[in-house]
Amino acid sequence: MKTFQVGIVGCGHISQTHLKAWRRTAGCRVQGVFDVNRALAEQRAGQFQIRTVYDDLEQLIASCDVVDVCTPPQTHAEIARRVIEAGRDLLIEKPLVMDVGEWDRLRQLMARSPSRVTVVHNLKYTHAVQQAKRWIEQGRIGQVISIARQFLTSPQTDRMLVGQGHWSHGLPGGRWFETLPHELYVIHTLVGPLQPIQVTALHTAQAPAGAPADHVVVTLASERCVGSIHYSAHCQLNRRMTVIHGTDGVLELDTLSDAIVLLTSHDRQWKRAVGMPFLEAGRALGRMIPDRIGYLARRVSGQSPHTALICAVDRYLHGQGPAPTPLDEIDYVVRNCEQIGREIDRQLTSAALA
C-alpha cells in the first residue's frame, strides 16, 4: 500500500489536532510543515518530530501528495487553487471558500484535475451525530419534522470572542461564519439540504467585537421538515445542542459532551400525572450510562472527530472508502454560508443607517 506524504499548511491552534490525527492513519505520513510565521512552523515541527520546514507553499506542494490546509478561511481560495492546479489531494478546514464565485471556479479546476478534495466537516464523525443518523435511518423517531441547532456562548468562554484581534471577526457575519458550516453540514447529514428562508440578526449594546450581531436566528425548510439555527453571544450556559423532533420520538444531542438521548414516551393522561420529564429522565439515565462509558473510552484512547475524519480520508485516498465530504455537501455549505453571512452583515448595515 502506498504511503501518502502529507504537508501541513498553517501551524496555528488547529494544526495540532490534525497532526495527532495523521499519526493514527495507516497509509499517510506527515512529511513537513509550512507557515508564513517560520518560527511557529519550526515550533510545531519540533513538537511533532517532523523533519522538514518548507520555505514556501510551492515547495510544500511540489514535495507532498496531500496538502492539509489549517489556515483561516480568508486564505483558502488561493491555496486551494494552487493545490488543485498541481494535481495534489487536498484536505482543508471549513469552509472550503467564502463565496460561491470562488467555489464555482474551483469546481471547474477540479473537473480537469486528479485532485481529491475533502473539507473538515468533523462533527459528522462525532459519536452523537453518527448514532443519530443510524437511529433516524432505522425509523426510531419516525418521520423527521424539525431540527434545531443551538450555539450559545459568551466572551468569557469563547476564545474567538475574547478581545478584538481574532481572524474570525473579519468574516461575513463575524464569529458566526466560522461555526456556521458545522450547523449546515450537520443538518445536511441528518435531515437533508434544508434551505434558508429567513435570517434575523439583532445588535445590542452588549455586542462583542467578534459578533456585532450578537443574537442571530436562521430559519430553514424543505417540503417536509423545518429547521433553525440559533446563535447568541450572551449565554453563560455555553450550549451546543441539536434537537431533532420526529413523529414518534425526539433526539437530543450535546456537541460539547458528545452525548445523545433518545426520547420516545408518547403522551398519556397517567404519564402527565407522574410528569413526562421525570419519566423521560429515568429512561434517559439508563441509556446514558453506556453512552458515557463509550465517551470515556474514546477520550482515554485519544480518539476525536478529527481523527475519525482524517482516518476516513486515509481510507478514501487508498480506494477503501467513500469521499468523507461529497461535493453536494460542500456545495450546500458554501452557498448557504455566503447567503446567511451576507444577510447578517446587510441587516447590521441597515440598522446602523436607520
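In this structure Lys20 satisfies the salt bridge (Lys or Arg N to Asp or Glu O under 4.0 Å) test with no other residue, sequence neighbours excluded. Among residues two or more places apart in sequence or in another chain, the side chain to side chain donor-acceptor pair (under 3.5 Å) test is passed with Ser232 by His215. The ring-ring contact (aromatic ring centres under 6.0 Å, His included) test applied to His245 returns no partner, not counting sequence neighbours. Considering only residues two or more places apart in sequence or on other chains, Glu329 meets the salt bridge (Lys or Arg N to Asp or Glu O under 4.0 Å) condition with Lys124. For Asn37, there are no side chain to side chain donor-acceptor pair (under 3.5 Å) partners, not counting sequence neighbours. Taking the side chain to side chain donor-acceptor pair (under 3.5 Å) definition, one finds that Glu343 meets it with Arg346, Gln347, sequence neighbours left out. Partners of Glu178 by salt bridge (Lys or Arg N to Asp or Glu O under 4.0 Å), not counting sequence neighbours, listed by chain and number: Lys94, Arg175. For Asp331, the salt bridge (Lys or Arg N to Asp or Glu O under 4.0 Å) partners two or more places apart in sequence, or in a different chain, are Arg107, Arg335.
Sorted by first and then second residue, the ring-ring contact (aromatic ring centres under 6.0 Å, His included) pairs involving residues 81-124 (not counting sequence neighbours) are His121-Tyr185. Residue pairs meeting the side chain to side chain donor-acceptor pair (under 3.5 Å) criterion with at least one partner in residues 217-228, sequence neighbours excluded, are Gln143-Arg224.
Below 30°, between 30° and 60°, or above 60°: for Tyr231 and Trp176 the angle between ring planes is below 30°, a parallel geometry.
Its side chain outside the 4.5 Å cluster rule for every partner, Val217 clusters with none of the Ile, Leu, Val, Met, Phe, Trp and Tyr residues.
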Side chains of residues 59-67: which donor-acceptor partners sit under 3.5 Å, not counting sequence neighbours?
| unit_1 | atom_1 | unit_2 | atom_2 | d |
| --- | --- | --- | --- | --- |
| Gln59 | OE1 | Asp55 | N | 2.7 |
| Ser63 | OG | Gln59 | O | 2.9 |
| Asp65 | OD2 | Gln5 | N | 2.8 |

